[in-house]
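Data block below; observations after.
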2 protein chains.
Amino acid sequence: MTETRVPIPTLERLAIYLRVLLDAHEAGIQTLSSQEVEQHSGINAAQFRKDLSYFGEFGKPGVGYSVAGLIQCIERILRLDAEQPILLVGAGNIGAALVGYPNFQAHRLRIAAVFDNNFVKIGRPFGDLVIEDIARIREINATIGARLGIIAVPASAAQEVADLLVEAGVTGILNFAPTILRVPPYVHVRNVSFLQELAVLSYQAVEESLCMNGQASRGGEDAV
Amino acid sequence: MTETRVPIPTLERLAIYLRVLLDAHEAGIQTLSSQEVEQHSGINAAQFRKDLSYFGEFGKPGVGYSVAGLIQCIERILRLDAEQPILLVGAGNIGAALVGYPNFQAHRLRIAAVFDNNFVKIGRPFGDLVIEDIARIREINATIGARLGIIAVPASAAQEVADLLVEAGVTGILNFAPTILRVPPYVHVRNVSFLQELAVLSYQAVEESLCMNGQASRGGEDAV
DNA sequence: ACGATTTTGTGAATGATTTCACAAGGTTCG
DNA sequence: CGAACCTTGTGAAATCATTCACAAAATCGT
(Lines give C-alpha, C1' and ligand atoms only; values in the text may rest on other atoms or scores of the structure.)
Protein backbone atom coordinates (compact mmCIF):
# COMPACT_ATOMS: atom_id res chain seq x y z
CA MET A 1 0.00 0.00 0.00
CA THR A 2 1.87 3.03 -1.29
CA GLU A 3 0.99 6.62 -0.36
CA THR A 4 -1.20 7.61 -3.31
CA ARG A 5 -4.14 9.99 -3.31
CA VAL A 6 -7.41 8.09 -2.88
CA PRO A 7 -9.58 8.10 -6.02
CA ILE A 8 -13.00 9.66 -5.57
CA PRO A 9 -14.79 6.62 -6.99
CA THR A 10 -13.18 4.65 -4.17
CA LEU A 11 -14.63 7.02 -1.58
CA GLU A 12 -18.03 6.76 -3.16
CA ARG A 13 -17.90 2.99 -2.99
CA LEU A 14 -16.77 3.06 0.62
CA ALA A 15 -20.19 4.40 1.56
CA ILE A 16 -21.81 1.54 -0.35
CA TYR A 17 -19.69 -1.05 1.41
CA LEU A 18 -20.61 0.50 4.71
CA ARG A 19 -24.28 0.08 3.95
CA VAL A 20 -23.80 -3.55 2.96
CA LEU A 21 -21.82 -4.18 6.13
CA LEU A 22 -24.41 -2.52 8.33
CA ASP A 23 -27.12 -4.66 6.74
CA ALA A 24 -25.04 -7.77 7.31
CA HIS A 25 -24.37 -6.77 10.91
CA GLU A 26 -28.09 -6.27 11.41
CA ALA A 27 -28.63 -9.77 10.07
CA GLY A 28 -26.16 -11.19 12.59
CA ILE A 29 -23.47 -12.05 10.03
CA GLN A 30 -20.00 -11.94 11.57
CA THR A 31 -17.73 -12.39 8.57
CA LEU A 32 -17.91 -11.49 4.88
CA SER A 33 -15.55 -12.29 2.02
CA SER A 34 -14.93 -9.86 -0.79
CA GLN A 35 -16.85 -12.30 -2.97
CA GLU A 36 -19.89 -12.01 -0.73
CA VAL A 37 -19.62 -8.25 -0.68
CA GLU A 38 -19.73 -8.36 -4.47
CA GLN A 39 -22.93 -10.36 -4.28
CA HIS A 40 -24.59 -7.78 -2.09
CA SER A 41 -23.17 -4.60 -3.59
CA GLY A 42 -22.79 -5.43 -7.25
CA ILE A 43 -19.21 -4.18 -7.03
CA ASN A 44 -16.40 -6.41 -8.23
CA ALA A 45 -14.59 -8.29 -5.44
CA ALA A 46 -11.15 -7.19 -6.63
CA GLN A 47 -12.38 -3.61 -6.69
CA PHE A 48 -13.51 -3.92 -3.11
CA ARG A 49 -10.15 -5.28 -2.02
CA LYS A 50 -8.22 -2.63 -3.90
CA ASP A 51 -10.42 0.12 -2.53
CA LEU A 52 -9.66 -0.99 1.00
CA SER A 53 -5.96 -1.33 0.20
CA TYR A 54 -5.72 2.46 -0.04
CA PHE A 55 -6.29 2.60 3.70
CA GLY A 56 -4.62 -0.49 5.07
CA GLU A 57 -5.16 -4.22 5.47
CA PHE A 58 -8.43 -5.17 7.02
CA GLY A 59 -9.04 -8.78 6.00
CA LYS A 60 -7.64 -12.18 6.90
CA PRO A 61 -6.62 -14.45 4.04
CA GLY A 62 -8.69 -17.60 4.01
CA VAL A 63 -11.35 -15.99 6.19
CA GLY A 64 -12.56 -12.64 4.94
CA TYR A 65 -13.45 -9.47 6.83
CA SER A 66 -14.87 -9.09 10.29
CA VAL A 67 -18.14 -7.26 9.72
CA ALA A 68 -18.04 -5.36 12.99
CA GLY A 69 -14.36 -4.56 12.59
CA LEU A 70 -14.66 -3.32 9.03
CA ILE A 71 -17.66 -1.18 9.90
CA GLN A 72 -15.56 0.58 12.50
CA CYS A 73 -12.66 1.02 10.10
CA ILE A 74 -14.76 2.47 7.29
CA GLU A 75 -16.59 4.73 9.71
CA ARG A 76 -13.28 6.02 10.94
CA ILE A 77 -12.03 6.59 7.40
CA LEU A 78 -15.15 8.51 6.46
CA ARG A 79 -15.14 10.43 9.76
CA LEU A 80 -18.48 8.91 10.64
CA ASP A 81 -17.23 7.48 13.92
CA ALA A 82 -18.20 10.61 15.82
CA GLU A 83 -21.36 12.60 15.27
CA GLN A 84 -20.96 14.90 12.30
CA PRO A 85 -23.01 18.11 12.49
CA ILE A 86 -24.33 19.64 9.27
CA LEU A 87 -25.69 23.08 8.42
CA LEU A 88 -28.72 23.09 6.15
CA VAL A 89 -29.56 26.25 4.23
CA GLY A 90 -32.98 26.45 2.66
CA ALA A 91 -36.18 25.51 4.47
CA GLY A 92 -38.10 24.53 1.38
CA ASN A 93 -39.25 21.20 0.01
CA ILE A 94 -35.81 19.70 -0.35
CA GLY A 95 -34.78 20.92 3.07
CA ALA A 96 -37.87 19.33 4.55
CA ALA A 97 -37.08 16.04 2.86
CA LEU A 98 -33.58 16.16 4.30
CA VAL A 99 -34.49 16.92 7.91
CA GLY A 100 -37.07 14.17 7.67
CA TYR A 101 -34.67 11.67 6.13
CA PRO A 102 -34.52 8.69 8.48
CA ASN A 103 -31.23 7.16 7.31
CA PHE A 104 -28.92 9.94 8.44
CA GLN A 105 -28.99 8.77 12.00
CA ALA A 106 -27.44 5.38 11.27
CA HIS A 107 -24.46 7.19 9.79
CA ARG A 108 -24.14 9.66 12.64
CA LEU A 109 -24.90 12.55 10.32
CA ARG A 110 -27.04 15.12 12.03
CA ILE A 111 -28.54 18.29 10.66
CA ALA A 112 -27.65 20.61 13.48
CA ALA A 113 -29.24 23.83 12.24
CA VAL A 114 -31.51 25.09 9.46
CA PHE A 115 -31.27 28.54 7.92
CA ASP A 116 -33.40 30.57 5.57
CA ASN A 117 -33.58 34.20 4.51
CA ASN A 118 -37.37 34.37 4.40
CA PHE A 119 -38.40 36.29 7.51
CA VAL A 120 -41.78 34.60 7.44
CA LYS A 121 -40.10 31.25 7.98
CA ILE A 122 -37.49 32.34 10.51
CA GLY A 123 -38.42 31.22 14.00
CA ARG A 124 -40.81 28.55 12.79
CA PRO A 125 -40.24 24.90 13.72
CA PHE A 126 -38.75 22.65 11.06
CA GLY A 127 -38.48 19.02 12.04
CA ASP A 128 -36.87 19.06 15.46
CA LEU A 129 -35.26 22.41 14.77
CA VAL A 130 -36.20 26.05 14.51
CA ILE A 131 -35.42 27.95 11.34
CA GLU A 132 -32.65 30.46 11.91
CA ASP A 133 -31.85 33.67 10.08
CA ILE A 134 -29.17 33.03 7.48
CA ALA A 135 -27.51 36.24 8.65
CA ARG A 136 -26.65 34.51 11.91
CA ILE A 137 -25.01 31.49 10.33
CA ARG A 138 -21.48 32.43 11.22
CA GLU A 139 -22.35 33.21 14.79
CA ILE A 140 -24.33 29.98 15.20
CA ASN A 141 -21.67 27.77 13.65
CA ALA A 142 -19.12 29.20 16.05
CA THR A 143 -20.93 27.03 18.59
CA ILE A 144 -21.76 24.04 16.42
CA GLY A 145 -18.44 23.80 14.58
CA ALA A 146 -19.91 22.06 11.53
CA ARG A 147 -17.63 21.45 8.57
CA LEU A 148 -20.40 20.23 6.29
CA GLY A 149 -23.15 22.30 4.72
CA ILE A 150 -26.09 21.63 2.42
CA ILE A 151 -27.39 24.18 -0.07
CA ALA A 152 -31.08 23.66 -0.77
CA VAL A 153 -32.01 27.09 -2.09
CA PRO A 154 -32.90 28.33 -5.61
CA ALA A 155 -30.00 28.61 -8.05
CA SER A 156 -30.15 32.39 -7.91
CA ALA A 157 -29.16 32.42 -4.23
CA ALA A 158 -26.78 29.46 -4.24
CA GLN A 159 -23.49 31.31 -4.76
CA GLU A 160 -24.26 33.79 -2.02
CA VAL A 161 -25.10 30.96 0.36
CA ALA A 162 -21.92 29.13 -0.58
CA ASP A 163 -19.90 32.21 0.32
CA LEU A 164 -21.63 32.43 3.69
CA LEU A 165 -21.07 28.75 4.41
CA VAL A 166 -17.38 29.05 3.63
CA GLU A 167 -17.14 32.10 5.82
CA ALA A 168 -18.82 30.15 8.60
CA GLY A 169 -16.08 27.52 8.43
CA VAL A 170 -17.66 24.87 6.22
CA THR A 171 -15.21 22.94 4.01
CA GLY A 172 -17.60 20.49 2.38
CA ILE A 173 -20.76 21.52 0.55
CA LEU A 174 -23.55 19.38 -0.81
CA ASN A 175 -25.23 21.50 -3.46
CA PHE A 176 -28.76 20.85 -4.67
CA ALA A 177 -28.98 24.04 -6.71
CA PRO A 178 -28.36 23.72 -10.45
CA THR A 179 -25.32 26.06 -10.59
CA ILE A 180 -21.57 25.87 -10.62
CA LEU A 181 -20.35 27.17 -7.27
CA ARG A 182 -17.14 29.15 -7.00
CA VAL A 183 -15.36 28.28 -3.78
CA PRO A 184 -11.79 28.46 -2.44
CA PRO A 185 -9.62 25.51 -3.43
CA TYR A 186 -9.69 23.91 0.01
CA VAL A 187 -13.50 23.62 -0.06
CA HIS A 188 -15.06 20.51 -1.59
CA VAL A 189 -18.36 20.62 -3.44
CA ARG A 190 -20.59 17.80 -4.57
CA ASN A 191 -23.57 18.53 -6.75
CA VAL A 192 -26.83 16.64 -6.72
CA SER A 193 -28.92 17.29 -9.79
CA PHE A 194 -32.20 15.47 -10.30
CA LEU A 195 -32.42 17.00 -13.74
CA GLN A 196 -29.06 15.68 -14.75
CA GLU A 197 -29.88 12.18 -13.54
CA LEU A 198 -33.21 12.17 -15.33
CA ALA A 199 -31.65 13.55 -18.49
CA VAL A 200 -29.15 10.69 -18.59
CA LEU A 201 -31.93 8.18 -18.01
CA SER A 202 -34.03 9.83 -20.65
CA TYR A 203 -31.26 9.19 -23.14
CA GLN A 204 -30.56 5.67 -21.99
CA ALA A 205 -34.19 4.65 -21.83
CA VAL A 206 -34.43 4.99 -25.59
CA GLU A 207 -31.26 3.48 -26.94
CA GLU A 208 -31.88 4.39 -30.58
CA SER A 209 -28.95 6.66 -31.40
CA LEU A 210 -30.64 8.50 -34.21
CA CYS A 211 -27.57 10.64 -34.03
CA MET A 212 -28.54 13.61 -36.18
CA ASN A 213 -25.53 14.81 -38.13
CA GLY A 214 -25.90 18.33 -39.36
CA GLN A 215 -24.62 21.84 -39.22
CA ALA A 216 -24.92 24.16 -36.29
CA SER A 217 -27.81 26.34 -37.24
CA ARG A 218 -31.21 24.75 -37.30
CA GLY A 219 -34.56 26.02 -36.18
CA GLY A 220 -33.26 29.08 -34.41
CA GLU A 221 -31.33 31.96 -35.85
CA ASP A 222 -27.94 31.45 -37.45
CA ALA A 223 -24.74 31.89 -35.51
CA VAL A 224 -23.87 35.59 -35.83
CA MET B 1 -16.79 10.73 -35.45
CA THR B 2 -16.62 6.95 -35.29
CA GLU B 3 -19.49 4.77 -34.13
CA THR B 4 -18.51 4.22 -30.49
CA ARG B 5 -20.76 3.85 -27.48
CA VAL B 6 -21.23 7.19 -25.73
CA PRO B 7 -19.48 7.36 -22.34
CA ILE B 8 -21.79 8.00 -19.40
CA PRO B 9 -19.71 10.96 -18.18
CA THR B 10 -20.39 12.55 -21.55
CA LEU B 11 -24.13 12.16 -21.07
CA GLU B 12 -23.91 13.66 -17.62
CA ARG B 13 -22.08 16.66 -18.97
CA LEU B 14 -24.59 17.10 -21.78
CA ALA B 15 -27.17 18.04 -19.17
CA ILE B 16 -24.74 20.61 -17.76
CA TYR B 17 -24.11 22.13 -21.17
CA LEU B 18 -27.82 22.33 -21.73
CA ARG B 19 -28.25 24.33 -18.55
CA VAL B 20 -25.45 26.72 -19.53
CA LEU B 21 -26.98 27.15 -22.96
CA LEU B 22 -30.45 27.79 -21.58
CA ASP B 23 -29.02 30.43 -19.26
CA ALA B 24 -27.19 32.06 -22.17
CA HIS B 25 -30.34 31.96 -24.28
CA GLU B 26 -32.24 33.61 -21.46
CA ALA B 27 -29.59 36.32 -21.40
CA GLY B 28 -30.04 36.92 -25.13
CA ILE B 29 -26.67 35.48 -26.15
CA GLN B 30 -26.76 34.06 -29.66
CA THR B 31 -23.40 32.37 -30.01
CA LEU B 32 -20.99 30.65 -27.63
CA SER B 33 -17.53 29.24 -28.20
CA SER B 34 -16.30 26.13 -26.43
CA GLN B 35 -14.00 28.44 -24.52
CA GLU B 36 -16.94 30.43 -23.23
CA VAL B 37 -18.80 27.28 -22.30
CA GLU B 38 -15.76 26.30 -20.24
CA GLN B 39 -15.98 29.61 -18.42
CA HIS B 40 -19.58 29.02 -17.48
CA SER B 41 -19.53 25.30 -16.84
CA GLY B 42 -16.08 24.67 -15.43
CA ILE B 43 -15.68 21.90 -18.00
CA ASN B 44 -12.63 21.93 -20.28
CA ALA B 45 -13.31 23.32 -23.76
CA ALA B 46 -11.76 20.33 -25.50
CA GLN B 47 -13.92 18.06 -23.39
CA PHE B 48 -16.99 19.95 -24.51
CA ARG B 49 -16.05 19.63 -28.16
CA LYS B 50 -15.24 15.94 -27.85
CA ASP B 51 -18.46 15.27 -26.00
CA LEU B 52 -20.44 16.80 -28.83
CA SER B 53 -18.38 14.95 -31.41
CA TYR B 54 -20.03 11.69 -30.31
CA PHE B 55 -23.26 12.97 -31.82
CA GLY B 56 -22.23 15.03 -34.82
CA GLU B 57 -20.84 18.43 -35.74
CA PHE B 58 -22.67 21.34 -34.28
CA GLY B 59 -20.26 24.24 -34.38
CA LYS B 60 -18.80 26.53 -37.00
CA PRO B 61 -15.02 27.00 -36.98
CA GLY B 62 -14.11 30.59 -36.28
CA VAL B 63 -17.55 31.31 -34.85
CA GLY B 64 -18.65 28.84 -32.20
CA TYR B 65 -22.04 27.31 -31.55
CA SER B 66 -25.47 28.76 -32.16
CA VAL B 67 -27.04 28.79 -28.71
CA ALA B 68 -30.57 28.18 -29.96
CA GLY B 69 -29.39 25.54 -32.40
CA LEU B 70 -27.32 23.63 -29.90
CA ILE B 71 -30.10 23.70 -27.33
CA GLN B 72 -32.35 21.99 -29.83
CA CYS B 73 -29.69 19.42 -30.70
CA ILE B 74 -28.90 18.50 -27.11
CA GLU B 75 -32.59 18.35 -26.27
CA ARG B 76 -33.10 15.97 -29.14
CA ILE B 77 -30.16 13.82 -28.06
CA LEU B 78 -31.46 13.61 -24.50
CA ARG B 79 -35.05 13.06 -25.68
CA LEU B 80 -36.10 16.25 -23.97
CA ASP B 81 -37.53 17.73 -27.17
CA ALA B 82 -40.95 16.30 -26.45
CA GLU B 83 -42.60 16.19 -23.05
CA GLN B 84 -41.30 13.24 -21.07
CA PRO B 85 -43.78 11.79 -18.58
CA ILE B 86 -42.48 10.28 -15.35
CA LEU B 87 -44.03 7.96 -12.79
CA LEU B 88 -43.25 8.83 -9.18
CA VAL B 89 -43.65 6.15 -6.53
CA GLY B 90 -43.68 7.28 -2.92
CA ALA B 91 -45.69 10.23 -1.66
CA GLY B 92 -43.39 11.08 1.22
CA ASN B 93 -40.99 13.92 1.83
CA ILE B 94 -38.77 13.23 -1.14
CA GLY B 95 -41.76 12.76 -3.41
CA ALA B 96 -43.16 16.09 -2.25
CA ALA B 97 -39.86 17.81 -2.97
CA LEU B 98 -39.87 16.34 -6.48
CA VAL B 99 -43.41 17.29 -7.44
CA GLY B 100 -42.69 20.77 -6.13
CA TYR B 101 -39.39 21.07 -7.95
CA PRO B 102 -39.67 24.08 -10.25
CA ASN B 103 -36.85 23.26 -12.67
CA PHE B 104 -38.39 20.17 -14.24
CA GLN B 105 -40.64 22.23 -16.45
CA ALA B 106 -37.82 23.92 -18.33
CA HIS B 107 -36.57 20.48 -19.35
CA ARG B 108 -39.97 19.19 -20.37
CA LEU B 109 -39.86 16.57 -17.64
CA ARG B 110 -43.24 16.14 -16.06
CA ILE B 111 -44.29 13.95 -13.18
CA ALA B 112 -47.40 12.49 -14.70
CA ALA B 113 -48.63 10.35 -11.80
CA VAL B 114 -47.85 9.67 -8.14
CA PHE B 115 -48.31 6.31 -6.46
CA ASP B 116 -48.24 5.06 -2.90
CA ASN B 117 -49.31 1.93 -1.09
CA ASN B 118 -50.60 3.71 2.00
CA PHE B 119 -54.38 3.64 1.73
CA VAL B 120 -54.61 6.72 3.93
CA LYS B 121 -52.74 8.70 1.29
CA ILE B 122 -54.42 7.26 -1.79
CA GLY B 123 -56.92 9.68 -3.27
CA ARG B 124 -55.39 12.70 -1.54
CA PRO B 125 -54.06 15.60 -3.60
CA PHE B 126 -50.30 15.84 -4.04
CA GLY B 127 -49.13 18.91 -5.88
CA ASP B 128 -51.29 19.07 -8.98
CA LEU B 129 -51.92 15.35 -8.85
CA VAL B 130 -53.89 12.84 -6.85
CA ILE B 131 -52.11 9.95 -5.19
CA GLU B 132 -52.93 6.69 -6.92
CA ASP B 133 -52.86 3.15 -5.60
CA ILE B 134 -49.57 1.49 -6.51
CA ALA B 135 -51.59 -1.58 -7.44
CA ARG B 136 -52.98 0.33 -10.40
CA ILE B 137 -49.60 1.44 -11.78
CA ARG B 138 -49.62 -0.87 -14.76
CA GLU B 139 -53.13 0.03 -15.74
CA ILE B 140 -52.46 3.76 -15.39
CA ASN B 141 -49.20 3.69 -17.33
CA ALA B 142 -50.97 1.95 -20.18
CA THR B 143 -52.48 5.39 -20.77
CA ILE B 144 -49.50 7.56 -19.87
CA GLY B 145 -46.82 5.50 -21.58
CA ALA B 146 -44.01 6.73 -19.32
CA ARG B 147 -40.60 5.17 -19.71
CA LEU B 148 -39.10 6.87 -16.68
CA GLY B 149 -39.85 6.16 -13.05
CA ILE B 150 -38.68 7.51 -9.71
CA ILE B 151 -38.45 5.39 -6.57
CA ALA B 152 -38.88 7.49 -3.44
CA VAL B 153 -39.92 4.82 -0.94
CA PRO B 154 -38.06 3.23 1.99
CA ALA B 155 -35.31 0.77 1.11
CA SER B 156 -37.43 -2.14 2.31
CA ALA B 157 -40.01 -1.56 -0.43
CA ALA B 158 -37.69 -0.42 -3.22
CA GLN B 159 -37.10 -3.74 -4.96
CA GLU B 160 -40.79 -4.51 -5.07
CA VAL B 161 -41.52 -1.08 -6.53
CA ALA B 162 -38.76 -1.53 -9.11
CA ASP B 163 -40.37 -4.78 -10.24
CA LEU B 164 -43.73 -3.05 -10.61
CA LEU B 165 -42.22 -0.16 -12.56
CA VAL B 166 -40.51 -2.53 -14.97
CA GLU B 167 -43.72 -4.46 -15.38
CA ALA B 168 -45.49 -1.19 -16.15
CA GLY B 169 -43.08 -0.54 -19.02
CA VAL B 170 -40.49 1.72 -17.40
CA THR B 171 -36.94 1.34 -18.72
CA GLY B 172 -35.18 4.07 -16.72
CA ILE B 173 -35.34 4.30 -12.94
CA LEU B 174 -34.10 7.04 -10.66
CA ASN B 175 -33.68 5.41 -7.27
CA PHE B 176 -33.57 7.38 -4.04
CA ALA B 177 -33.69 4.32 -1.81
CA PRO B 178 -30.37 3.11 -0.40
CA THR B 179 -30.43 -0.34 -2.01
CA ILE B 180 -29.05 -2.13 -5.02
CA LEU B 181 -31.95 -2.81 -7.38
CA ARG B 182 -32.08 -5.97 -9.44
CA VAL B 183 -33.58 -5.22 -12.83
CA PRO B 184 -33.54 -6.79 -16.31
CA PRO B 185 -30.49 -5.84 -18.40
CA TYR B 186 -32.43 -3.48 -20.66
CA VAL B 187 -33.49 -1.31 -17.71
CA HIS B 188 -31.21 1.53 -16.60
CA VAL B 189 -30.92 2.59 -12.98
CA ARG B 190 -29.34 5.67 -11.47
CA ASN B 191 -28.99 5.95 -7.75
CA VAL B 192 -29.15 9.16 -5.76
CA SER B 193 -27.76 8.78 -2.28
CA PHE B 194 -27.53 11.76 0.05
CA LEU B 195 -25.69 9.59 2.52
CA GLN B 196 -23.07 8.62 -0.01
CA GLU B 197 -22.50 12.22 -1.04
CA LEU B 198 -22.20 13.39 2.53
CA ALA B 199 -19.91 10.52 3.41
CA VAL B 200 -17.52 11.50 0.63
CA LEU B 201 -17.62 15.12 1.75
CA SER B 202 -17.09 14.06 5.32
CA TYR B 203 -13.86 12.37 4.27
CA GLN B 204 -12.72 15.21 2.04
CA ALA B 205 -13.54 17.94 4.51
CA VAL B 206 -10.85 16.62 6.84
CA GLU B 207 -7.93 15.77 4.60
CA GLU B 208 -5.75 14.25 7.32
CA SER B 209 -5.24 10.70 6.15
CA LEU B 210 -4.57 9.23 9.55
CA CYS B 211 -4.75 5.98 7.71
CA MET B 212 -4.93 3.41 10.47
CA ASN B 213 -3.00 0.35 9.44
CA GLY B 214 -3.99 -2.69 11.37
CA GLN B 215 -5.40 -6.15 11.32
CA ALA B 216 -9.00 -7.02 10.67
CA SER B 217 -10.38 -7.60 14.12
CA ARG B 218 -10.71 -4.59 16.35
CA GLY B 219 -13.36 -3.65 18.81
CA GLY B 220 -15.89 -6.28 17.87
CA GLU B 221 -15.49 -10.02 17.87
CA ASP B 222 -12.81 -11.77 15.84
CA ALA B 223 -13.48 -13.04 12.36
CA VAL B 224 -14.84 -16.59 12.86
C1' DA C 1 -8.90 38.76 -52.76
C1' DC C 2 -5.90 37.57 -49.11
C1' DG C 3 -3.40 37.35 -44.90
C1' DA C 4 -4.36 37.50 -39.94
C1' DT C 5 -7.28 35.62 -36.58
C1' DT C 6 -10.55 32.67 -34.54
C1' DT C 7 -12.49 28.31 -33.44
C1' DT C 8 -13.87 23.77 -34.57
C1' DG C 9 -13.29 18.53 -34.75
C1' DT C 10 -10.32 14.86 -33.82
C1' DG C 11 -6.21 11.65 -33.82
C1' DA C 12 -2.64 10.87 -30.52
C1' DA C 13 -0.78 11.24 -25.86
C1' DT C 14 -1.54 11.21 -21.33
C1' DG C 15 -3.72 10.03 -17.14
C1' DA C 16 -7.00 7.47 -14.25
C1' DT C 17 -9.63 3.48 -13.00
C1' DT C 18 -10.85 -1.22 -13.26
C1' DT C 19 -9.87 -5.90 -13.80
C1' DC C 20 -6.80 -9.77 -13.92
C1' DA C 21 -3.94 -13.09 -12.01
C1' DC C 22 -1.14 -14.90 -8.67
C1' DA C 23 2.12 -15.20 -4.59
C1' DA C 24 1.62 -15.32 0.21
C1' DG C 25 -0.90 -16.06 4.33
C1' DG C 26 -4.38 -18.47 6.97
C1' DT C 27 -7.64 -22.38 7.88
C1' DT C 28 -9.45 -27.14 8.05
C1' DC C 29 -9.20 -31.83 8.52
C1' DG C 30 -7.30 -36.35 8.10
C1' DC D 1 2.01 -32.31 10.84
C1' DG D 2 1.01 -31.59 6.11
C1' DA D 3 -1.87 -31.43 2.06
C1' DA D 4 -5.99 -29.35 0.15
C1' DC D 5 -8.47 -25.38 0.13
C1' DC D 6 -9.78 -20.45 0.72
C1' DT D 7 -9.19 -15.64 0.51
C1' DT D 8 -6.46 -11.56 0.81
C1' DG D 9 -3.43 -7.80 -1.07
C1' DT D 10 -1.26 -6.06 -5.03
C1' DG D 11 1.79 -5.55 -9.16
C1' DA D 12 0.81 -5.67 -14.05
C1' DA D 13 -2.40 -5.45 -17.94
C1' DA D 14 -6.38 -3.77 -19.89
C1' DT D 15 -9.88 -0.56 -20.30
C1' DC D 16 -11.83 3.89 -20.07
C1' DA D 17 -11.66 9.04 -19.91
C1' DT D 18 -9.42 13.49 -20.38
C1' DT D 19 -6.36 16.66 -22.36
C1' DC D 20 -3.25 18.15 -25.90
C1' DA D 21 -2.17 19.92 -30.18
C1' DC D 22 -2.91 20.87 -34.78
C1' DA D 23 -5.00 20.71 -39.61
C1' DA D 24 -9.01 22.46 -41.66
C1' DA D 25 -12.78 25.71 -41.95
C1' DA D 26 -14.92 30.19 -41.24
C1' DT D 27 -14.67 35.12 -40.55
C1' DC D 28 -12.88 39.91 -40.66
C1' DG D 29 -10.42 43.96 -42.12
C1' DT D 30 -8.27 46.10 -45.65
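Just so we're on the same page: letters track the sequence lines, and every chain starts at 1. Computed from a prediction, not measured in an experiment: that's the story for all the values here.
- Remark: C1' of C/dT8 and NZ of B/K50 are 13 Å apart, rounded to the nearest angstrom.
- Comparing D/dC20, C/dA21, D/dT18 by their closest approach to the side chain of A/R49 singles out C/dA21.
- Note that the two end axes of the helix from C/dA1-D/dT30 to C/dG30-D/dC1 enclose an angle of 10°, each drawn from 5 base pairs, rounded to 10 degrees.
- Atom CZ of residue B/F55 and atom SG of residue B/C73 lie 11.0 Å apart, to the nearest 0.5 angstrom.
- Nearest to the side-chain atoms of B/E57 among the listed nucleotides C/dT10, D/dT18, C/dT18 stands C/dT10.
- Here the straight-line distance linking atom CG of A/N175 with atom CG of A/L165 works out to 10.0 Å at 0.5 Å rounding.
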Audit row: A/E57, A/R49, salt bridge (charged side-chain N to carboxylate O under 4.0 Å, His left out) steps and yes/no:
CA-CA 9 Å; A/E57 309 196 349; A/R49 296 200 301 273; over 6 Å; no
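- The structure places OG of A/S34 at 9.0 Å from CG of A/N44, a figure rounded to the nearest 0.5 Å.
- We find that CG of B/L52 is positioned 16 Å from P of C/dT7, with the value rounded to whole Å.
- Put simply, CG on A/L32 is 18 Å from P on D/dC6, counting in whole angstrom units.
- Take B/R13 and apply the salt bridge (charged side-chain N to carboxylate O under 4.0 Å, His left out) test, not counting sequence neighbours, and it matches B/D51.
- Of the candidates C/dT18, D/dT19, C/dT17, the closest approach to any side-chain atom of A/P7 belongs to C/dT17.
- Whole-Å rounding puts the B/D51 CG to D/dT19 C1' distance at 12 Å.
- Following rounding to the nearest Å, A/I43 (CD1) and C/dT17 (P) show an atom-to-atom distance of 15 Å.
- Taking the six-membered ring for Trp and thresholds of 30 and 60 degrees, A/F104 and B/F194 have ring planes inclined between 30 and 60 degrees apart.
- Counting to the nearest Å, the C1' atom of C/dT8 and the NZ atom of B/K60 are 12 Å from each other.
- A sub-4.0 Å separation between OP1 or OP2 of C/dT7 and a side-chain N or O of B/S34 is absent.
- Considering only the side chain of B/P61, D/dA26 comes nearest among D/dG9, D/dC22, D/dA26.
- Within the 4.0 Å cut-off from OP1 or OP2 of C/dT18, at least one side-chain nitrogen or oxygen of A/R13 is found.
- Atom CG of A/N44 and atom P of D/dT8 are 12 Å apart (whole Å).
- Close to D/dG9, at under 4.0 Å from its OP1 or OP2, lies no side-chain N or O of A/S53.
- Put simply, CZ on A/R5 is 12 Å from P on C/dT17, counting in whole angstrom units.
- More than 12 heavy atoms of other shown residues, nucleotides or ligands fall within 6.0 angstrom of atom CD in B/E83.
- Heavy-atom neighbours of B/I8 CD1 from other residues, nucleotides or ligands within 6.0 Å: at or below the threshold of 12.
- Of the listed nucleotides (D/dA21, C/dC20, D/dT10), D/dA21 has the atom at the smallest distance from the side chain of B/A46.
- Contacts of B/T10 with the nucleic acid, taken as non-hydrogen atoms under 4.0 Å apart, are absent.
- The listed nucleotides are C/dT27, C/dT17, D/dC20; the one nearest the side chain of A/V63 is C/dT27.
- Between A/Y65 and C/dG26 there is no side-chain N or O to OP1 or OP2 distance below 4.0 Å.
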